[in-house]
Structures are given as C-alpha cells and as structure tokens.
Amino acid sequence: MDIYTDGSKWRFLEHKGPVFAPPYEPLPDNVRFFYDGKNMKLSAPAEEVATFFAKMLDHEYTTKDIFRKNFFKDWRKEMTPEEKSKLTDLNKCNFSEMNEYFKAQSEAKKQMSKEEKQKIKEENERVLQEYGYCIMDNHKERIGNFRIEPPGLFRGRGDHPKMGMLKRRIRPEDIIINCSKDSKQPKPPPGTRWKEVRHDNKVTWLVSWTENIQGSIKYIMLNPSSRIKGEKDWQKYETARRLKKCVDRIRAQYRDDWKSKEMRIRQRAVALYFIDKLALRAGNEKEEGETADTVGCCSLRVEHIKLYPKIDEQEYVVEFDFLGKDSIRYYNKIPVEKRVFKNLQLFLENKQPEDDLFDRLNTSILNKHLQELMDGLTAKVFRTYNASITLQQQLKELTCPDDSIPAKILSYNRANRAVAILCNHQRAPPKTFEKSMQNLQTKIDEKQKQLSTARKQLKTAKADHKASHDDKSKKAVEVKRKAVQRIEEQLMKLQVQATDREENKQIALGTSKLNYLDPRISVAWCKKWGIPVEKIYNKTQREKFAWAIDMAEDDYEF
DNA sequence: TCTCCGACTTGTAGGAATCTCA
DNA sequence: TGAGATTCCTACAAGTCGGAGA
C-alpha cells in the first residue's frame, strides 16, 4: 500500500522547523506574591514557575496532595538559595494576586476591539503560512502541531504519580530536525543551534524532542489531511476488512482453544474473546509508579472481575470494573459462555486480588499469535473491525427510507452511539448539561400548552361547524386541524432532540468517528439517502476523510 | 525471552470560534 | 447585539506495537 516499496516514507522533505513558545514576560511590580502574609519579590525563574501554579488556582488539580507535592519540589529547584531557605511551605504561599492578574488579562483580551482582534488573527495566519506547511515529495502539506509545547505543570489524567511536575521549556538545543539532504534546512533562532539535523526517510516526523516528565519523545508530524496520514488510515480499514473475511474462522478457533490442555492457550483464547466481544484494548504492561494505574485486556487483574454463576435470572455472568485508558472507568456486567466462565474460575484459583488474571499472557504473545492467524492482525484491529461493522449494521437497521433528513441523521447518530458505547467512549457530562436540558424541557412544555390550546380551538371549530354546516366553518376546522398537526410534529421533534441529548449525556461520539469508523461507510450512506456529507462531517473531518469522500460509491460495503 | 525505546495512533479536556436567541 | 450555548479544533497525554539489544 505504501507508495515506496523499500520502507521509505518520502524522497523529499523541506520545512521551516518549529515555532517556539514565547519567552517569559515578568509580572508587573504591582502584582505581588506573599509568603506567610509577607510581600516577597521572586527571582524571574521562580516567578515563572509560580505563575504556572497561579494560573491553575481554580482547578481541582491544585487541591490534590500529589500535585502540590510535585509542584513544590520542582518549584524549589528553580529558586535562588535565598528563596529556597525562605519558602519551605506551599500552604503559606499566596498566589491570589497573580491569579487575579491573569484573569484580568484574559478578560481584557475578550474586551479587545475588533481591529485588535483582527490584527492578532492576521499575525496567527502569517505564522501558519510560514511554519504550518512543508513540502513532502511533490506536495505542499499541512503540518499538525508546528508549535512546541510551552513550559507548564504536567497534568496527568487520573491518579497520576507525576502530576504537578514542571514541564520544562524546550530550547533549540533540545530539538532534532528531520528533513531531506537536498532541502533547504530550517534555521535555528539567532545565537542558537539544533541538537541534531538528520535525514531519515524511514520515518514521517519533521521535528522531535525528549520530554522531561516521562523521558518520552515528542514529535511534530503532518496533519491528518496529508497524503501520508490518509494512506495509513485507508490501510488500517483495509486490514479490518480483511479480518471481516476470516473472523468466523478465528472465532471458531478461539472457541476451540477454550478446551485446550495448555493453560497459556486457554488464557489467550479467553482474552481474545474479550477483545473481540467487548472491544477491550490490548493492555500492555506499564511501569509501576511512572503512570496512573490503568489496565487493558491482557493486564487485567483478579480484582477487576467478579464471577456470578447466577444473578438476575442470568447464568455465568462476569462483572468488569476497572480503569482503562485515560483512567476512564469500564463497567460492564455480561453473561458469557459456560466454558469461558469455567476457565475464568480456573484462572482465579489461588490468586490474590492484585495478581494478573492472565498470568501466562501478554500483548506480545497475543499479537504474535494473531499475526499467524492473519497477516497484519493485531489486537486493535478487532476494535476497528467491530466498530465499523456495527456502524454498518446499525445504519441498515435504523434508517427508514421514508424519514426526513433530520430523522435520518438522528438514526446515524444512534448508530454512531452504539459504536461509542461498545468502545466505552465516555465524556464528563457537559457543565451546562442540566441547564440545557431544562431549557429544552421548557420549550417542550410551551409546545404542549400550544398543542392543548390548538386542540381546544379545533374542538370549538368542529362544534361551530356542526351547528352551522357552512363552508366557512368547514374551512376553519381544516385550518385548525392543520395547526394541531404542525404543532404535534414540532413537539415530536423537540422530544426526539431531548432524548438524543439525554442518551448522549456521557457518550463521546467524536473518537469513534475519527478513529474507528471506516469513513466510506458514512459516505456511502450519505450518497444512498441523499444526505449532504456536511451533515455528518465538519470541515476538518472532511479534510481528513477526503480520500474516502472521493472513493466511496453509494453501494460501498465494508 | 525480556526490557527498553521509538514511532505512530487514539483519547479527553478545554479554549476558541461560531451560533442562537432574547 | 451581546451573553450564553454549542460546536469546532488544538493541545498534549496515554495508549499500541514492532524491533533492537542483551
């Protein structure tokens, strides 16, 4: 599928390098910091780190012990010896003037005149034009993230042991540039130099640096609309379609393996069943103490499942309760085949809650096995496959040919939602959720009042007509009848909207749409039912899925 | 076989931009 | 016309997976 057969990703690559975070601007003298009630002027490096904390004062993070502890430890490293000896207790630090200053700043920004805002916009556009594009082979391509991450306090998700640590400022000396030999090399800012300039066309990134919290590498890569990303995306869905062709065979095989004499094979087969049926992630091992304690399928522990031989009229029920990626809770209670249940009981024997459920299995073993079953098959392909096939099935099931366009779009959202639920894509309910539901309810109530008034009027009109039997009263009845009908429709629409919103309260549709659903299914559906593709994909999404919009006809089958 | 690292995909939060309605 | 609601978009964290090296 790659355009080059030797594993190289490009022949020519030219870009302008990254945009660095603006330098620190010291606070004006009237913005004070207090320690133990006393005003204290901080050195510039200490002040900068203090402002990171001050900006977050309203955030829950700053109330967490680990965050405070990590922050204070790293902050002290930036202090002068004098500051270090004075500032020994974070609880005695008063950042409130700083906090108010930044709030005022952002307020002022909002209040800027149209002209000032326009000027900023133009400057941003200029930077985008200069740094936001590169030439890869014969195309000008949009770069994804050409700005280097500014310094700040690390915000890990969930119970992250490193939250609050200082993310240091990235300098040109930290930066590795990747471009082709025959290109015009990006220049480092005056008086600085790059860490390295290399010409590696086996990778797709343009710029990289090592981040100081986990020691991992960060990259600048191309935008999803680029050829290189689009082709990879297409390839991903083609792999999932190949799985469709052999999934029955694979399922039969793992069901058979539930009976294996070998423990490792039974574990592998049960894990694969979960990955297939429940769309669980693979679950790599993680270094303890370096990250939040989260798991996927292969790293599930005894404490994450409960077995019920019989509960609520159902037999062989497994209850899952664990924190997955981004510390999102996965909770599910499902009946499984008797064999799976018996195997799980076996796996649990003589184990402590913190022991691995699949002690003879890891992602590398599982993926090696999958590779043997199908070329290019890995655990995550099941998620892609099951998501896409579910969308296709649901669309078939839910779309009514006679429905209006809004009703069809509602069906699309419901199909999308089924996938999001399968993949456990949750979101925090929007802060304004209750209020917006209330507003909608008010509208519904008003509509209902309107309806009952209209119905009364219809009744009166009917009575009038019965009494007079003239044409005029007959027409009046018709008019009122139409009015009732119209209001009924409007009411139904509002109610559907309310249901849709309620159902979507804790579900995030974006991730599945962007990463799991073969866009050709959606494009074909749009073409088949005459729905403008803009109703399904916004501008960015259409750019990302341009390849699919070009490619798919109305009869496309995943 | 195990560990570590590099490259790349997937994921949510939150701010910016845009829309909607009084 | 401006505030609040909603949608879009970016930032960047957190996964997956393959391969090198011991």
Side-chain angles (χ1 to χ4, degrees), chain A residues 9 21 56 59-61 106 109-111 117 120-121 124 128 132 144-150 152 154-158 160 162-163 167 176 178 200 202-205 208 210-211 213-224 228-229 232-233 235-236 275 281-287 290-292 294-299 323-328 362-368 370-371 376-384 387 420 423-428 430-433 435-440 443 501 504 508-516 537-544:
Chain A
K9 308 289 168 78
M56 291 179 73
H59 204 289
E60 203 197 333
Y61 273 121
S106 77
K109 206 177 159 194
K110 274 186 210 153
Q111 298 303 324
K117 283 183 182 168
I120 291 174
K121 214 174 163 184
N124 284 340
L128 174 68
N145 54 325
F146 55 89
R147 289 172 200 277
I148 299 279
E149 296 173 19
F154 176 73
R155 297 152 91 120
R157 316 251 168 92
H160 198 116
K162 297 193 170 183
M163 64 166 74
K167 235 173 67 165
I176 302 174
N178 193 31
D200 180 358
K202 298 283 192 285
V203 297
T204 67
W205 54 267
S208 77
T210 302
E211 150 273 350
I213 304 288
Q214 332 261 3
S216 64
I217 307 167
K218 298 247 177 172
Y219 303 93
I220 291 181
M221 291 182 189
L222 297 192
N223 186 280
I228 208 159
K229 294 284 187 191
K232 201 78 192 294
D233 210 32
Q235 211 176 102
K236 175 179 79 182
I275 284 170
R281 295 186 188 82
N284 285 309
E285 306 95 297
K286 304 167 76 187
E287 212 177 328
E290 291 293 300
T291 56
T294 63
V295 298
C297 185
C298 294
S299 51
L323 297 182
K325 181 173 176 179
D326 290 311
S327 293
I328 300 290
N362 61 40
T363 54
S364 159
I365 296 172
L366 179 65
N367 281 333
K368 274 200 188 102
L370 292 176
Q371 190 59 240
L377 187 60
T378 63
K380 81 189 185 83
V381 179
F382 282 89
R383 248 166 105 80
T384 312
C423 294
N424 200 39
H425 289 142
Q426 299 189 32
R427 61 167 181 176
K431 285 186 191 83
T432 55
F433 185 83
K435 197 164 174 215
S436 96
M437 282 310 284
Q438 258 173 29
N439 290 347
L440 203 52
K443 276 190 195 168
R501 198 173 295 181
N504 225 29
L509 300 183
T511 304
S512 52
K513 206 177 205 175
L514 234 44
N515 299 303
Y516 289 105
Y537 291 135
N538 66 36
K539 185 169 143 281
T540 322
Q541 293 165 339
R542 291 197 300 277
E543 280 167 10
K544 168 167 176 165

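Residue numbering restarts at 1 for every chain, and letters A, B, ... go by the order of the sequence lines.
Across all strands shown, A:R157 has heavy atoms under 4.0 Å from base atoms, whether or not it also approaches the sugar-phosphate. Backbone-only contact: A:P150 has heavy atoms under 4.0 Å from sugar-phosphate atoms and none from a base. Among the atoms of the strands shown, only primed sugar atoms or phosphate atoms (P, OP1, OP2) are found under 4.0 Å from some heavy atom of A:G156. Within the nucleic acid shown, A:N284 comes within 4.0 Å of at least one base atom, counting heavy atoms only. Heavy atoms of A:T204 sit under 4.0 angstrom from primed sugar atoms or phosphate atoms, though from no base atom. Heavy atoms of A:A292 sit nowhere under 4.0 angstrom from any nucleic acid atom.
Residue A:K109 places its NZ atom among 12 or fewer non-hydrogen atoms of other residues, nucleotides or ligands, all under 6.0 Å distant.
Of the side-chain N and O atoms in A:N145, none sit less than 4.0 angstrom from OP1 or OP2 of C:dA11. Taking 4.0 angstrom as the limit, A:K380 places a side-chain polar atom (N or O) nearer than this to OP1 or OP2 of B:dT10.
You'll find that the side chain of A:M221 is closest to B:dT9, out of B:dT9, B:dG14, C:dC17. Out of C:dG15, C:dC12, C:dT16, the shortest distance to the side chain of A:K167 is found at C:dC12.
For the 3.5 Å distance criterion, the side chains of A:D233 and A:Q235 fail to qualify, holding no donor opposite an acceptor.
Salt-bridge formation is detected for the pair A:E290/A:K162: a Lys NZ or Arg NE/NH1/NH2 atom is positioned less than 4.0 Å from an Asp or Glu carboxylate oxygen.
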Please list, for nucleotides 15-22 of chain B, all pairs of protein and nucleotide N/O atoms separated by less than 3.5 Å.
none

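A:K325 contributes a side-chain N or O that forms a donor-acceptor pair with the base of B:dT10 under 3.5 Å.
Where A:G158 and A:R501 each meet DNA chain C at their nearest nucleotide, the meeting point lying more 5' is that of A:R501.
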